[in-house]
Enquirer: 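One structure, pasted below without further comment.
Chain letters run A, B, ... following the sequence lines, proteins first, then strands; residues in each count from 1.
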There are 2 protein chains.
Amino acid sequence: MARTRTTYDAFNAIAEPKRRALIETLAIQELSVNEIVKIMRWNQPMVSKHLGVLKQVGLVSERKDGRYRVYKVNAAELKPIHDWVAQFDQLWVNRLDHLEDYLDKIQRGEG
Amino acid sequence: MARTRTTYDAFNAIAEPKRRALIETLAIQELSVNEIVKIMRWNQPMVSKHLGVLKQVGLVSERKDGRYRVYKVNAAELKPIHDWVAQFDQLWVNRLDHLEDYLDKIQRGEG
DNA sequence: ACAATATATTCCAATATGGGAATATGTCAA
DNA sequence: TTGACATATTCCCATATTGGAATATATTGT
């Protein structure tokens with residue numbers, strides 16, 4: 001068997017750094033493909049391909065506007081990731097608390 | 001070029017569903033490899049390989065205990081993912097609010 | 001030292017990938 | 001209709017992957 005497909009779910013789609021950058025950019029505003037090409041400084045097929053992956057998992061959606069295709073983020077598709085990670089966040093928040101306690105202790109000269 | 005390596009960062013490491021399952025299991029308690037083998041019902045090399053990837057990105061750490069190697073989750077390595085996703089969570093929380101408004105409206109007979 | 005146990009590593013095959021280059025498709029404007 | 005523009009798709013390569021099977025490497029108890 002091979003690796004899980006990038007189009008399998010949002011987890012796989014956002015593993016690629018370029019696709020995260022794309023999402024960050026599109027979160028600010030909707031953009032056409034060529035606008036993305038200019039902003040990201042990638043070639044046009046690369047932009048289209050990465051958008052294609054994001055579209056397949058529903059992370060972006062596309063609206064036709066004449067010759068243009070305007071893409072926007074569908075952030076709700078990030079919720080499964082949010083929820084999956086959130087179930088563990090206490091595990092590091094607590095550690096951070098302990099670190100703060102420790103630093104306070106040092107501060108008070110009890111270190 | 002090929003796909004981003006699974007060992008490149010936590011994003012890539014957790015894209016694989018089996019590795020997420022592994023993290024979920026280890027979050028409950030530390031476990032030796034063979035304990036994981038029994039719980040997950042995967043063969044032993046598969047467990048070791050997936051643990052290897054998670055270890056390389058720091059998502060799990062390993063403690064030697066005689067013949068055993070006890071693995072535990074290092075959830076702090078999930079924080080970059082948490083933070084990346086969190087910057088977008090308003091985008092779906094707001095939508096949810098709007099949905100609730102909409103449902104309220106229907107409830108009041110204004111739909 | 002030896003047998004048994006625990007774990008890691010290697011070798012293999014099939015497969016999907018990201019990027020580049022070229023090309024195809026679609027759509028407007030004159 | 002034609003040319004210009006906007007976008008998508010195809011073909012290619014090099015590479016890393018997952019899983020299975022087999023094997024290697026600890027480490028322990030006797």
Enquirer: Any side-chain heavy atom of A/E62 sitting closer than 4.5 Å to one from A/K72?
Expert: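 No; the side chains remain at least 4.5 Å from each other.
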Enquirer: Check whether more than 12 heavy atoms from other residues, nucleotides or ligands sit under 6.0 Å from atom CZ of A/R5, and answer yes or no.
Expert: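 Count not over threshold, so no.
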Enquirer: If you group Ile, Leu, Val, Met, Phe, Trp and Tyr by side-chain heavy-atom gaps below 4.5 Å, do A/V37 and A/I39 land in one group?
Expert: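 Shared cluster, yes.
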Enquirer: Could you tell me the separation between the CG atom of B/D65 and the P atom of C/dT5, rounded to a whole number of Å?
Expert: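 Nearest whole value for this atom pair: 18 Å.
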Enquirer: How is B/K55 classified with respect to the nucleic acid when contacts are heavy atoms under 4.0 Å: base, sugar-phosphate, or nothing?
Expert: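 No contact.
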Enquirer: Closer than 4.0 angstrom, basic N to acidic O: yes or no for A/D83 and A/K79?
Expert: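 Judged by the 4.0 Å cut-off on N to carboxylate O distance, A/D83 and A/K79 do form a salt bridge.
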Enquirer: Measure from the side chain of A/R67, starting at C-beta and using heavy atoms only, and say which of C/dT7, D/dT7, D/dC5 lies closest.
Expert: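 Of all the options, the side chain of A/R67 is nearest to D/dC5.
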Enquirer: Between A/E16 and B/R3, does any side-chain N to carboxylate O distance fall below 4.0 Å?
Expert: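 The answer is no: the pair does not qualify as a salt bridge.
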Enquirer: Does the side chain of A/I36 reach to within under 4.5 Å of the side chain of A/L26, using non-hydrogen atoms?
Expert: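 Answer yes - side chains close enough.
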Enquirer: Below 4.0 angstrom from OP1 or OP2 of D/dG20, is there any side-chain N or O of B/N43?
Expert: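 Checking B/N43 against D/dG20: at least one side-chain N or O falls below 4.0 Å of OP1 or OP2.
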Enquirer: Would you indicate, yes or no, if D/dT7 has its OP1 or OP2 atom less than 4.0 angstrom from a side-chain nitrogen or oxygen of A/N34?
Expert: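 Result: yes.
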Enquirer: On DNA chain C, check which nucleotide each of B/S48 and A/G66 is closest to and give me the residue with the more 5' one.
Expert: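 Mapping each residue to its closest nucleotide by heavy atoms, the 5'-most match is B/S48.
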Enquirer: Taking only side-chain nitrogens and oxygens of A/Y71, does any of them come within less than 4.0 Å of OP1 or OP2 of D/dA8?
Expert: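 For D/dA8, OP1 or OP2 has a side-chain N or O of A/Y71 closer than 4.0 Å.
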Enquirer: Reckon A/E62 touches a base, only the sugar-phosphate, or nothing at all at heavy-atom distances under 4.0 Å?
Expert: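 Since only primed, P, OP1 and OP2 atoms lie under 4.0 Å of A/E62, the category is sugar-phosphate.
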Enquirer: Base, sugar-phosphate alone, or nothing: which one does B/M1 contact when heavy atoms must sit under 4.0 Å apart?
Expert: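 Here B/M1 touches the bases of the nucleic acid.
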Enquirer: Mind running a 4.0 Å heavy-atom check of residues 2-19 of chain A against DNA chain D and sending the residues that fall below it, in number order?
Expert: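 The stretch gives A/A2, A/R3 as the residues lying under 4.0 Å from the strand, ordered by number.
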Enquirer: Under the 3.5 Å rule, do the base of D/dA8 and the side chain of A/Q44 count as making a donor-acceptor pair?
Expert: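 Yes, the side chain and the base share a sub-3.5 Å donor-acceptor pair.
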Enquirer: With B/L59, which of B/L78, B/V73, B/N74 fulfils side-chain contact (heavy atoms from CB on, under 4.5 Å)?
Expert: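 Only match with B/L59 under side-chain contact (heavy atoms from CB on, under 4.5 Å): B/L78.
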Enquirer: Between B/K49 and C/dT7, does any side-chain N or O lie under 4.0 Å from OP1 or OP2?
Expert: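 B/K49 to C/dT7 OP1/OP2: no side-chain N or O under 4.0 Å.
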